Asks: 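Take a look at this one; I'll ask things after.
In what follows, residues are counted from 1 in the order of the sequence shown. It should be emphasised that the depicted structure is a prediction, and the values quoted were computed from it without experimental measurement.
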Amino acid sequence: MDYLNPSREILKHGQELPHWQQGDAMQFVTFRLGDSMPAGKIRQWKEERDIWQNVHPRPWSPEEEKEYHKRFTWKLESWLDEGAGSCLLKQPANRERMEEVLMRFQGEKVEHHAWVIMPNHLHLVFTPLWPLEKLIQVWKGVSARQIGQGKIWQKNYRDTLIRDGEHFANAVRYIRRNPLKLRAGTFTLWEGPRAQAVI
């Protein structure tokens, strides 16, 4: 099964924000344009998160993990959805370039299940068939060159290993709901057969 297996080794990389990969276990990843978050908000968010993490060291109980996401993950997501910054991906030509980059290695280095390209960020659920950091590096690097606006991406990304079928279904539903407030033609939503089966 391609979900997180707690008894198998997890590879960790990255200093500031650790990233986890366990073979071909599914991932839920978010990455964003570099100008999509006001610097002051990010600074305040990091300070609050660091204080909270000092009081609540890992491993977290299910309740602590839920509280973390409520306080920090979903706060970031709501800020992203406000549509700050240049929103380069609102332009259809830029989204088409991003779509081509994402799907270039489908079935070879990645198996996509669902993704949405929002005006200033992306959410993806996929099975990595290649090292996670290399996939993200290729997606960001090639898309930035094709869009032709210089360094457009935030340095880091957020990733979560998919724990089970319920977690997968919730991630797919989240991706589906994310663009509901936007006008048609300002986002691209894609789902593969496994995601399409989620009600």
Side-chain angles (χ1 to χ4, degrees), residues 11 13-17 19-21 24-39 41-42 73 76-162 171-172 174-196:
L11 300 176
H13 64 278
Q15 297 288 332
E16 185 181 329
L17 180 64
H19 304 291
W20 295 14
Q21 183 170 1
D24 59 359
M26 271 194 268
Q27 293 274 359
F28 180 25
V29 169
T30 299
F31 60 96
R32 62 182 175 87
L33 295 174
D35 67 354
S36 62
M37 290 277 188
K41 273 189 172 183
I42 289 294
T73 304
L76 272 184
E77 296 298 335
S78 70
W79 287 346
L80 277 176
D81 291 342
E82 289 172 6
S86 60
C87 291
L88 287 171
L89 301 172
K90 188 183 263 188
Q91 300 170 23
N94 290 340
R95 277 200 323 281
E96 285 176 24
R97 291 181 183 104
M98 191 74 234
E99 293 165 29
E100 289 170 10
V101 169
L102 289 176
M103 299 306 283
R104 182 174 294 167
F105 300 117
Q106 174 74 340
E108 180 187 339
K109 295 180 179 174
V110 63
E111 187 65 41
H112 286 291
H113 303 296
W115 47 255
V116 63
I117 303 172
M118 299 287 282
N120 63 2
H121 66 284
L122 288 85
H123 297 294
L124 310 96
V125 175
F126 59 90
T127 300
L129 307 174
W130 212 40
L132 179 62
E133 70 273 20
K134 288 186 178 180
L135 278 172
I136 305 291
Q137 184 179 22
V138 167
W139 290 338
K140 287 182 174 181
V142 174
S143 62
R145 284 192 296 277
Q146 291 190 1
I147 290 170
Q149 301 275 333
K151 292 183 179 181
I152 60 173
W153 296 107
Q154 175 213 20
K155 183 180 172 187
N156 227 318
Y157 57 93
R158 185 171 58 81
D159 58 288
T160 305
L161 284 161
I162 298 290
V172 168
Y174 181 83
I175 286 172
R176 267 185 206 153
R177 286 193 303 263
N178 204 235
L180 289 179
K181 295 173 258 176
L182 299 179
R183 280 184 301 116
T186 61
F187 66 90
T188 304
L189 175 65
W190 181 91
E191 293 185 7
R194 195 162 170 179
Q196 289 171 7

Asks: Flag the pair L132 / F126 as yes when at least one side-chain heavy-atom distance between them is below 4.5 Å, and no otherwise.
Replies: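 With C-beta onward as the side chain, the pair touches.
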
Asks: Which atoms form the tightest heavy-atom contact between L88 and L33, and what is the distance?
Replies: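 That closest heavy-atom pairing would be N-CD1, 3.6 Å.
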
Asks: Run the side chain to side chain donor-acceptor pair (under 3.5 Å) test against E96 and tell me which residues pass, sequence neighbours left out.
Replies: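 E96 satisfies side chain to side chain donor-acceptor pair (under 3.5 Å) with no residue once adjacent residues are dropped.
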
Asks: Please tabulate, for the side chains in residues 102-117, all donor-acceptor contacts under 3.5 angstrom to protein atoms that are two or more places apart in sequence or on a different chain.
Replies:
residue, atom, partner, partner atom, Å
Q106, OE1, H112, N, 2.7
H112, NE2, L102, O, 2.9
H113, NE2, T127, OG1, 2.8

Asks: Taking the side chain as every heavy atom from C-beta outward, state whether H121 and S36 have any pair of such atoms under 4.5 Å apart.
Replies: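 Not in contact.
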
Asks: How long is the gap from CZ on R97 to CG on L89, to the nearest 0.5 Å?
Replies: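 Atom-to-atom, R97:CZ and L89:CG are 11.0 Å apart.
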
Asks: To the closest 0.5 Å, what do you measure between CD1 (I175) and CH2 (W190)?
Replies: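 Answer rounded to 0.5 Å: 10.5 Å.
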
Asks: Kindly state each residue pair satisfying salt bridge (Lys or Arg N to Asp or Glu O under 4.0 Å) with at least one member in residues 175-189, sequence neighbours excluded.
Replies: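 Those involving residues 175-189 are R176-E191.
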
Asks: Atom CG of L124 and atom CZ of F28: how far apart are they, to the nearest 0.5 Å?
Replies: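 Those atoms lie 8.5 Å apart.
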
Asks: So do the side chains of R158 and T73 get within less than 4.5 Å of each other, counting heavy atoms only?
Replies: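 In short, these two side chains touch, coming nearer than 4.5 Å.
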
Asks: Would you check if the side chain of R95 reaches a backbone N or O of K90 as a donor-acceptor pair within less than 3.5 Å?
Replies: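 Pair found, side chain donor or acceptor close to backbone of K90.
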
Asks: Just verifying a value: how many Å separate Q27 CD and L161 CG, rounded to the nearest 0.5 Å?
Replies: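 Rounded to the nearest 0.5 Å, the CD-CG separation comes to 4.5 Å.
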
Asks: Only pairs under 3.5 Å count here: list side-chain donor-acceptor contacts from residues 135-149, not counting sequence neighbours, and write none if there are none.
Replies:
residue, atom, partner, partner atom, Å
K140, NZ, Q154, O, 2.7
K140, NZ, K155, O, 3.3
K140, NZ, N156, O, 2.9
S143, OG, W139, O, 2.6
S143, OG, K140, O, 3.1
S143, OG, W153, NE1, 3.0
R145, NH1, G141, O, 3.4

Asks: Hey, could you give me the CE/OG1 distance between M118 and T186, rounded to the nearest 0.5 Å?
Replies: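 Between M118 CE and T186 OG1, I get 7.5 Å after rounding to 0.5 Å.
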
